[in-house]
Amino acid sequence: MENLLTNDIVKQKYANYEYLKENKINPYPSDIKKDIMAEELRKKYKSLGQEEISEKQYWVAGRMVALRGHGKTAFGHIEDFSGKIQFYGRKDELGEEFFEIFRKVDLGDFIAVKGNVFRTKTGEITIRMKEFKLVSKSIQPMPEKFHGVKDVELRYRRRYVDLIANSEVKDIFIKRSLIIQKIREFMSNRDFLEVETPMMHTIAGGAAARPFTTHHNTLDMDLYLRIAPELYLKRLLVGGFEKVYEINRNFRNEGISIKHNPEFTMMEVYQAYADYNDMMDLTEDIFNHIAIEVCGSEEIEYQGEKLSFKKPFARLTMVESIEKHANIKLDESMEQEDIFEIAKSNGIGSAEKSMSRGELINLIFEEKVEEKLIQPVFIYKYPVEISPLSKNNEKEPRYVDRFEIFAYGREMGNAFSELNDPFEQEKRFLEQISKRSDGDEEAHRMDKDYVLALQYGMPNAGGLGLGIDRMIMLFTDSSSIRDVILFPTLRPNKEEENKS
RNA sequence: GGAUCAUUAGCUCAGAUGGUAGAGCAACUGACUCUUAAUCAGUGGGUCGAAGGUUCGAUUCCUUCAUGGUCUACCA
């Protein structure tokens, strides 16, 4: 305990804690109840007149965030989850002894206050304190009340302090919850069933990414944290489910950035007897619906840029988007060598001779186009080489029936007509495996059981994956994914660890 | 992984071409019976991120390290 008393403020508050205990005030009681939330109370008495006082008394409770003493009276504010409420206490009503005890209550303590409701001269609805109880003693210093906490490291590491000090942070996470709730409601209304599939996989499949590894002791085997639920969800289509979705965490052992966190939330949707066009409509509907429901408008502002989620969103093939945004014309007569030369002559240094035609087209797209896709847009007709789980286009088998949706230059989602031909699927896996043996750590792994599942038959289906965190960034105007994840991944602070 | 910037009191921030540091809020003492970033008077609080080096002297200059931000790479 002693080593936690690191500074004078903590020592001082700890002394108050001891004083209260000695005076038979339990600093951490179990029996505190409250009658009403601050916001609700203010709403209820919003028409209360200047000299009026309520007959009824209420217990309100929350963190004491302000205290203004005036000799024989005091004003303060209690903050609960709904907002703040002012309280007012007078020595002539409460007595000497009460005031003596109340002096040992510190800013930051959770308290409960009981009293009638009245309106002050300045018009604020206020509780006139008749009784108070200590709810929970706080011995850590509170952050600065006016500027809040700005140190981002402190904000992410001790999110609770961030939440205490910066009310807009709380609002973002309330909005996050609302967005996810609205998505579930939307899916449910369309008869999609929410399911849960394993987070621990023996084969990390369904995406191109490096996985995290863990180990099961009793079975003595390595497991991977999933990089995508895709292959399990499609097994459900084999089993007879027709409309399923899952909203849950994926884990990818890769770089951290403003738009990447090692664990992130993804929604995947699968619908039998549908294709990628149906997924496009669904995606459009979801974004449009969330914009209206959560932001109250089809037009939102993100990082100073106006984004319109009015239907329909623009739709461009990958090749068209390259012509439109990079002014590079590709046509079907061009083969791998031609496209390689075009990439090189357009300054794409990472283009390599060993890349396939489709990989080169995709590279040009990523280098020259992606960042320019500010307004929501569907890019479709993806090269088959980079899409091992998608179905070939029937007319042009070099491409697959796949799209990605972009907004603000970022990939927000990915969807395709699901490849359900077990022979073609096995061939695609084998191609991926040869890429792995050539050193591509992100290439897909062979999943024999998945091929076996397809041999039982899977109806034609459309599948969609949406990056929920990135979507929430858009609708909360957050510049970093860390601002929409309560506890983003950080390195442990060694000094802090040594102290404890 | 690379580049770059940052790290000063509990919090938000100043500061010195190198002579061991200030403000506001918070804390403490006192005054004050309608305040709300309350006010007024006073007090305490710092290994200037860590370790080395240069120097008579380093928080300041140099090197390394730690943590974080941004960009970049990786990330379909």
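Protein chains get the first letters and strands the later ones, always in sequence-line order, with residue 1 at the start of each.
- Taking a 6.0 Å sphere around CD of A:E332, one finds it holds more than 12 heavy atoms contributed by other residues, nucleotides or ligands.
- Between the CG atom of A:L154 and the P atom of B:rU12 there is a distance of 7 Å, rounded to whole Å.
- Among the atoms of the strands shown, only primed sugar atoms or phosphate atoms (P, OP1, OP2) are found under 4.0 Å from some heavy atom of A:E366.
- Relative orientation of the A:F429 and A:Y450 rings is perpendicular, given thresholds of 30° and 60° on the angle between their planes.
- Using cut-offs of 30° and 60° for the angle between ring planes, the A:Y232 and A:H201 rings count as tilted.
- Dashed line: the shortest gap from a side-chain N or O of A:R482 to OP1 or OP2 of B:rU70 is under 4.0 Å.
- Note: A:F87 and A:F102 have perpendicular aromatic rings, judged against thresholds of 30 and 60 degrees for the angle between ring planes.
- Along RNA chain B, the nucleotide nearest A:L389 and the nucleotide nearest A:K121 are compared for position; the residue whose nucleotide lies closer to the 5' end is A:K121.
- If you find the closest nucleotide of RNA chain B to A:K259 and to A:R491, the one lying nearer the 5' end belongs to A:R491.
- With hydrogens and angles left out, the side chain of A:R90 and the base of B:rU33 share a donor-acceptor pair within 3.5 Å.
- The same atom, C1', is picked in B:rC48 and in B:rA58; the two are 11 Å apart, to the nearest Å.
- Of the candidates B:rU35, B:rA27, B:rU29, the closest approach to any side-chain atom of A:F75 belongs to B:rU35.
- Among the heavy atoms of the strands lying under 4.0 Å from A:D8 are primed sugar atoms or P, OP1, OP2 only; no base atom is included.
- When distances are taken from the side chain of A:I9 to each of B:rG10, B:rG68, B:rC34, the shortest belongs to B:rG10.
- Dashed line: the shortest gap from a side-chain N or O of A:R68 to OP1 or OP2 of B:rU35 is not under 4.0 Å.
- Nucleic acid contact for A:E254: sugar-phosphate only, since backbone atoms but no base atoms lie under 4.0 Å from a heavy atom of the residue.
- Residue A:E371 contributes atom CD, which lies 9 Å from atom P of B:rU72 at whole-angstrom precision.
- The side chain of A:E144 approaches B:rC11 more closely than any other nucleotide in the set B:rC11, B:rC34, B:rU33.
- Atom CD1 of A:I227 and atom C1' of B:rC75 are 12 Å apart (whole Å).
- The same atom, C1', is picked in B:rG57 and in B:rG22; the two are 22 Å apart, to the nearest Å.
- For B:rU7, the base has no donor-acceptor partner in the side chain of A:E153 [N/O atoms by modelled type, under 3.5 angstrom].
- Whole-Å rounding puts the A:I258 CD1 to B:rC74 C1' distance at 16 Å.
- The ring of A:F406 has its center no closer than 6.0 angstrom to the ring center of A:F378.
- Among the nucleotides B:rU35, B:rC34, B:rC11, the one closest to any side-chain atom of A:E124 is B:rU35.
- Nearest to the side chain of A:V149, among B:rC11, B:rA26, B:rC13, sits B:rC11.
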